[in-house]
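These notes concern the structure reproduced below.
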Number of protein chains: 2
Amino acid sequence: MTVQEIKGKKLVKGIAPNVEPDALLHDKRKVFLFGSPSYTNIGDQAIAYAEEKFIKNHFPYYEYIEIMDYATDEGIELVKEIIREDDIVCFTGGGNLGNLYLDIEEDRRKVFSAFKDYKSISLPQSVYFEDTDAGNKEKKKTQDAYHQNSNLTIAARETQTLDVVKETFNSNVIFTPDMVLSLDIVPRELERDGVLFILRADKEKVTDEDFISQMRKWAEKTTCTERTDTVLDTVDTIDYADREKHLMEMLDRIGSSKLVITDRLHAMIFSIITKTPCLVFGNSYGKAKHSYRDWLESLNFIEYTDQHDMKELERMIDRLLQAEPNEVDLSRDFQPLVDFFKS
Amino acid sequence: MTVQEIKGKKLVKGIAPNVEPDALLHDKRKVFLFGSPSYTNIGDQAIAYAEEKFIKNHFPYYEYIEIMDYATDEGIELVKEIIREDDIVCFTGGGNLGNLYLDIEEDRRKVFSAFKDYKSISLPQSVYFEDTDAGNKEKKKTQDAYHQNSNLTIAARETQTLDVVKETFNSNVIFTPDMVLSLDIVPRELERDGVLFILRADKEKVTDEDFISQMRKWAEKTTCTERTDTVLDTVDTIDYADREKHLMEMLDRIGSSKLVITDRLHAMIFSIITKTPCLVFGNSYGKAKHSYRDWLESLNFIEYTDQHDMKELERMIDRLLQAEPNEVDLSRDFQPLVDFFKS
């Protein structure tokens with residue numbers, strides 16, 4: 001065996017970037033994370049970051065091994081050679097289980113059917129298949145793939161998804177918050193200035209551009225504003241080694257704003273971590289809304305709204321800005337995931 | 001600059017074993033941990049392990065750099081070259097601040113006086129100077145060294161130590177549990193058998209050998225017994241890279257016992273982590289006793305006692321064995337330490 005080959009399979013870039021190659025042959029129980037994101041959505045990067053912390057903090061006696069999304073096929077081939085009866089196969093969490101991000105969904109189908117005899121889990125996700133011919137066709141393909149695996153657990157991160165999963169799949173289902181809410185980062189104390197608009201530019205976008213302009217003009221009467229997205233366009237890919245740096249930069253950017261206005265679930269969650277007042281609007285199928293309602297409604301400095309009346313919004317924002325940020329402890333809500341990995 | 005030299009100082013073994021050498025020159029705020037243990041006391045190894053997790057989980061935007069105990073002098077010289085105004089100097093926690101472990105105490109004096117102009121902390125410790133001429137002489141030396149550093153905070157891990165620190169030093173003082181109690185490890189589910197006696201063989205030992213024999217004989221009437229210590233004699237040193245492995249082995253050993261009987265603080269704490277019923281006796285100056293009283297008394301499967309009557313002890317042990325292990329959440333009690341590192 002050379003460093004470049006493990007049991008006759010090529011150890012290509014993207015397989016096990018987080019460990020030394022010999023970890024692949026250790027005697028420990030292994031947890032494989034497939035779908036580890038290389039794309040520049042910092043929400044999904046933060047999820048992978050939190051998944052790693054979760055396993056390493058709670059189960060330091062396991063060997064945690066990531067396989068980057070671009071190495072899925074080669075990763076499956078290699079893991080097939082080294083996996084043992086007791087090991088666990090995970091596919092990363094997010095908001096992409098459904099027909100909107102088919103490249104990711106196709107990888108997830110491959111992974112769960114390839115490892116049908118092993119304890120498997122889809123980490124906390126939002127699930128959404130469009131109710132169209134195309135959506136239903138893809139749903140059928142996903143069902144066919146997942147149902148090959150009788151050892152599969154699907155973790156839903158909102159009650160809405162929980163209902164969809166129960167209707168759609170025969171798999172076990174558990175209910176936990178988004179993984180990023182399991183992090184325990186103490187926010188840096190930064191000078192704050194201006195209003196940061198963090199807005200989608202993708203197929204889930206429903207917030208009207210005229211309305212956005214109106215809000216921005218309103219904000220600019222008293223302060224400076226900036227517009228960005230949690231999907232970076234300054235880099236093409238983010239590999240394992242740069243994940244933490246990019247996440248920290250995003251947290252700093254949000255934590256140095258006086259107010260965040262967003263339609264991104266993770267911009268809301270990063271606002272929670274950095275104790276930044278945040279007003280949240282919806283996406284096409286209620287991802288941020290339902291996470292807010294299910295887990296986060298007691299936070300006094302975060303508010304979800306569908307309101308478009310500027311007078312009402314002003315009153316809301318005033319309340320958010322005046323609140324002394326409180327906390328919500330969700331650590332117990334991850335217990336179903338702890339129990340899954342323990343057994 | 002070569003890898004072997006940083007700013008003209010030799011990067012000897014034991015300096016920064018946990019990072020790549022270029023981390024020493026990064027732009028991030030740095031946290032230096034001095035006194036990182038290479039000796040085989042798994043309690044102290046667990047403390048260093050927990051300190052690293054604590055900083056990395058709460059402050060991932062800091063650069064955490066360890067200096068092993070055997071590299072203290074070279075480490076001080078090198079850190080002097082690279083330290084910046086905002087950086088933080090720590091000396092590892094434990095139960096060795098005082099005159100019983102002078103080699104460690106001398107290193108601590110050196111570190112706090114060498115970095116007198118920097119934010120400094122003695123991580124959670126038990127403090128004990130013997131009330132003898134020798135003890136008082138050493139106390140004076142320690143006071144002289146620490147008092148050069150007006151930026152020093154001392155973290156006490158029991159109320160008893162808190163009182164001693166307030167009496168003895170002008171430094172700031174904070175009060176938190178032992179660092180190992182900040183870990184969030186889920187115990188492995190192991191088959192349990194027998195009674196494990198984990199007993200000191202050092203200068204803090206006060207449990208009488210006749211009494212130990214009597215307990216062991218009593219236990220052997222119904223089950224097997226073993227005797228060990230949390231200080232390993234199977235290896236000479238434990239370096240950074242092997243710390244986790246040895247800690248996991250100790251947790252497995254304790255977690256596969258039906259009952260632990262000990263006079264070691266960390267055998268008690270490892271029993272808590274692994275949910276192993278545990279009866280605890282004292283050491284020479286009340287380390288385990290006071291941690292138990294201050295933080296852990298509500299645990300139904302752990303009991304501290306000074307009782308030597310076998311009938312009474314039998315009743316106690318029966319209660320411990322029958323309890324469905326409960327939990328105590330100390331995460332809030334580490335807030336003073338979070339606040340220290342945040343500011």
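The chains referred to below are lettered A, B, ... by the order of the sequence lines, with proteins before strands, and numbering in each begins at 1.
- At most 12 heavy atoms of other shown residues, nucleotides or ligands fall within 6.0 angstrom of atom CD in Glu226(A).
- Proximity of a side-chain donor or acceptor of Lys53(B) to a complementary backbone N or O of Lys56(A) within less than 3.5 Å is detected.
- Put simply, CD on Glu244(B) and OH on Tyr61(A) are 11.5 Å apart, with the number rounded to the nearest 0.5 Å.
- The most heavy-atom pairs under 4.5 Å with chain B, out of Asp252(A), Leu247(A), Leu251(A), Ile185(A), come from Ile185(A).
- When each of Glu189(A), Arg188(A), Met248(A), Lys342(A) is scored by its heavy-atom pairs under 4.5 Å with chain B, the top score falls to Arg188(A).
- There is no contact between Lys245(B) and chain A, counting heavy-atom distances below 4.5 Å.
- In this structure, chain B has a heavy atom under 4.5 Å from the side chain of Tyr49(A), while its backbone stays farther away.
- Under the 4.5 Å side-chain criterion, counting only non-hydrogen atoms from C-beta, Phe341(B) is not in contact with Val186(A).
- Distance CZ/Phe54(B) to CG/Asp184(A): 9.0 Å, rounded to 0.5 Å.
- With respect to the salt-bridge test (charged N to carboxylate O, under 4.0 angstrom), the residues Glu327(A) and Arg332(B) qualify.
- In this structure, chain A has no heavy atom under 4.5 Å from any part of Arg29(B).
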